[in-house]
Amino acid sequence: MDLSVHGVSPATREFGCEQNLLSRPDGSASFIQGNTSVLAGVYGPAEVKVSKEIYDRATLEVVMQPKIGLPGVRERAREQCVRETCEAALLSTLHPRSSLTLILQEVHDDGSLLACCLNAACMALMDAGLPMSCLFCGITCVIDTDGQIITDPTLQQEKESRALMTFAIDSTDKRVLMSSTKGSISIQELQEAIALSQKASHRIFEFYRGSVSRRYSKTLK
Amino acid sequence: MVKRYAATCTHVGNQNIMAEGFKTADPLEYHKSFLKENCRPDGRELDEFRTTTLNIGPISTAEGSALVKIGNTTVMCGIKAELAVPPSDTPDKGYIVPNVDMPPLCASKVRSGPPEEQAQAASQFIADIIETSEIIRKEDLCIEKEKLCWVLYCDIMCLDYDGNLLDTCIVALLAALKNTQLPKVTINKETDLPEVDLLKKCSISVNRHPVGSSFAVFDNTITIVDPTADEESLATAVMTLVIDEEGRLCSLHKPGGTALSGEKLQDCMGRAVTRHREISKLVDKILESIKK
């Protein structure tokens, strides 16, 4: 598959999503980008531990499980990114003194894992029916050795790149909610990458819409 | 006359109590009323950092060390070096192992037990900065290919937490690495064992100089630099920009929160560039003074 960015819409891999596939959580979703796959489950609003209680909003906890082994420092850093992005989108003031738990299970990592986690998280929160002010999506871009920006890279492309950036973009103003970068980048490259991610986000939000409408057209029949 | 003086005194006293009460009752509104007037509760301008103080080399037992204070936030960084066998996949490189620790001593919100998310996220952030900026070339840590290399343990400990942990950690790390001196090591050809010459010490070459600048966003409109712990907890988003001496971005770390527009980001970049100059000047000045 050719993933280079030349056309109007930046290339992304095939998306796939299934909501409500688990019976125990209040909301669940699996999100697939090419070969990268993440499973998400949401519990809540439920009772909160007194030590974690916040008097004017819900406490969100994000747990990230790697495919192999125990979660480490890298997972903690990712959890923080996902949690704070979700907190920005969720209207948690509507559920004060309660707990929300989001569990993300990595099924397979073939690049753009953090972006896929964000997408799975958003679909799972939607499935749980939690009130949100906007939707969000995650997009990873890499800059390869020739200075080309590639969106939604595979693991191979990530390894060969000289810089990697992941952004979370909101659905209303298409602005950057979260940013996590690795590798040395010039300001111009950063702005190009943001612009490209904003373009690519249209496609993801369209996919969200299509996937949800397909699901509900099935249940209505 | 005396009476009037007393009267003003109680008046001022009452106002202080009122202000304290206001802060406790509605901290967000309290901060906003300052921000509206383009200043902050501690008297700073919106784009003003707190006073940064630097002490290089306070720990004599470590290979390199630094103590940094930005306002009340205090961070100590110590570098310990050990010898090891290089990793098999990159036999010509050494290791750098950073760790950020936030003991219960540093803030009341930190409980004893396993490290908090913030400390772990900071460790990962520092590891990414080291990797990205190539602050030290890992090749420089190799003593003999496939046989011997240095492992630098960069232990960063927060002694007092009052916001802006990441900036303080980066300054501490940079200053400690600049202060690090490693003994000369040779491998004895006959016994194949390393021989350490503690008398001959040389400093390691610091390749790049990353400096961080943190910002807090209030209501998507007001950005303030170098937030205190109070400001961090009330802000809708926090962001850390790390740039090197060439003005290239090593990291744009914004773990979530409300969105930030392109122009605001541009302003923040400008501030980060001036901050880089300030910190480089400070580090050079202190290094110069300890040489004397």
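Here is the naming used below: chain letters follow the sequence lines, and residue numbers restart at 1 for every chain. For the numbers below, each heavy atom of this structure counts, side chains included, while hydrogens, waters and symmetry mates do not.
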K.L.:
Report the option among Glu79(A), Gln80(A), Glu75(A), Arg83(A) that has the most heavy-atom pairs separated by less than 4.5 Å from atoms of chain B.
P.N.:
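Answer, by heavy-atom pair count under 4.5 Å with chain B: Gln80(A).
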K.L.:
Given that the side chain runs from C-beta out, which part of Ser251(B) has a heavy atom under 4.5 Å from chain A: side chain, backbone, both or neither?
P.N.:
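Both backbone and side chain.
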K.L.:
Verify whether one side chain among Asp144(A) and Gln157(A) offers a donor that lies under 3.5 Å from an acceptor in the other.
P.N.:
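No, no side-chain donor-acceptor pair sits under 3.5 Å.
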K.L.:
Taking side chain as C-beta onward, heavy atoms only, is Asp162(B) less than 4.5 Å from Thr228(B)?
P.N.:
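Heavy-atom side-chain distance check passes, below 4.5 Å.
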K.L.:
Given a strict heavy-atom distance threshold of 4.5 Å, which part of Ser261(B) is in contact with chain A: side chain, backbone, both, or neither?
P.N.:
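Answer is both: backbone and side chain atoms of Ser261(B) are under 4.5 Å from chain A.
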K.L.:
Under 4.5 Å, counting heavy-atom pairs only, tell me which of Arg248(B), Gln266(B), Glu134(B) racks up the most with chain A.
P.N.:
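Greatest number of close heavy-atom pairs with chain A: Arg248(B).
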K.L.:
Between Lys67(A) and His108(A), is any pair of side-chain heavy atoms under 4.5 Å apart?
P.N.:
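Touching, per the 4.5 Å side-chain cut-off.
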K.L.:
Examine whether an atom of Glu131(B) lies under 4.5 Å from a heavy atom of chain A, and if so say whether it belongs to the side chain, the backbone or both; otherwise answer neither.
P.N.:
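Only the side chain of Glu131(B) comes within 4.5 Å of chain A.
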K.L.:
Could you check if a side-chain atom of Arg203(A) sits within less than 4.5 angstrom of a side-chain atom of Thr12(A), using non-hydrogen atoms only?
P.N.:
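In contact.
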K.L.:
Hey, does the Lys NZ or Arg CZ of Arg97(A) hover above the aromatic six-ring of Tyr55(A), less than 6.0 Å from the centre and inside 45° of the axis?
P.N.:
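Output no; distance or angle outside limits.
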K.L.:
Below 4.5 Å from any heavy atom of chain B, which atoms of Ile194(A) appear? Answer side chain, backbone, both or neither.
P.N.:
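For Ile194(A), side-chain heavy atoms alone lie under 4.5 Å from chain B.
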K.L.:
How about Phe207(A) and Phe31(A): are their ring centres within less than 6.0 Å of each other?
P.N.:
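Judged by ring-centre distance (under 6.0 Å), Phe207(A) and Phe31(A) do meet the cut-off.
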K.L.:
Using non-hydrogen atoms only, which part of Leu177(A) is less than 4.5 Å away from chain B: side chain, backbone, both, or neither?
P.N.:
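Both parts, heavy atoms under 4.5 Å.
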K.L.:
So which part of Leu190(A) gets closer than 4.5 Å to some heavy atom of chain B, the side chain, the backbone, both or neither?
P.N.:
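Side chain of Leu190(A) only, per the 4.5 Å heavy-atom cut-off to chain B.
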K.L.:
Any side-chain donor paired with an acceptor under 3.5 Å for Tyr161(B) and Gln118(B)?
P.N.:
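Distance-only check passes for Tyr161(B) and Gln118(B).
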K.L.:
Could you tell me which of Glu189(A), Glu87(A), Arg175(A) has the largest number of non-hydrogen atom pairs under 4.5 Å with chain B?
P.N.:
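The residue among Glu189(A), Glu87(A), Arg175(A) with the greatest pair count is Arg175(A).
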K.L.:
With a 4.5 angstrom heavy-atom cut-off, which part of Leu265(B) approaches chain A: side chain, backbone, both or neither?
P.N.:
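Answer is side chain: those atoms of Leu265(B) sit under 4.5 Å from chain A.
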K.L.:
Measuring only between side-chain heavy atoms, which start at C-beta, is His209(B) closer than 4.5 Å to Leu174(B)?
P.N.:
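The answer is yes; the side chains approach within 4.5 Å.
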K.L.:
Between Arg162(A), Arg74(A), Gln191(A), Met165(A), which residue shows the highest count of heavy-atom pairs closer than 4.5 Å to chain B?
P.N.:
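With the most close heavy-atom pairs to chain B, the winner is Arg74(A).
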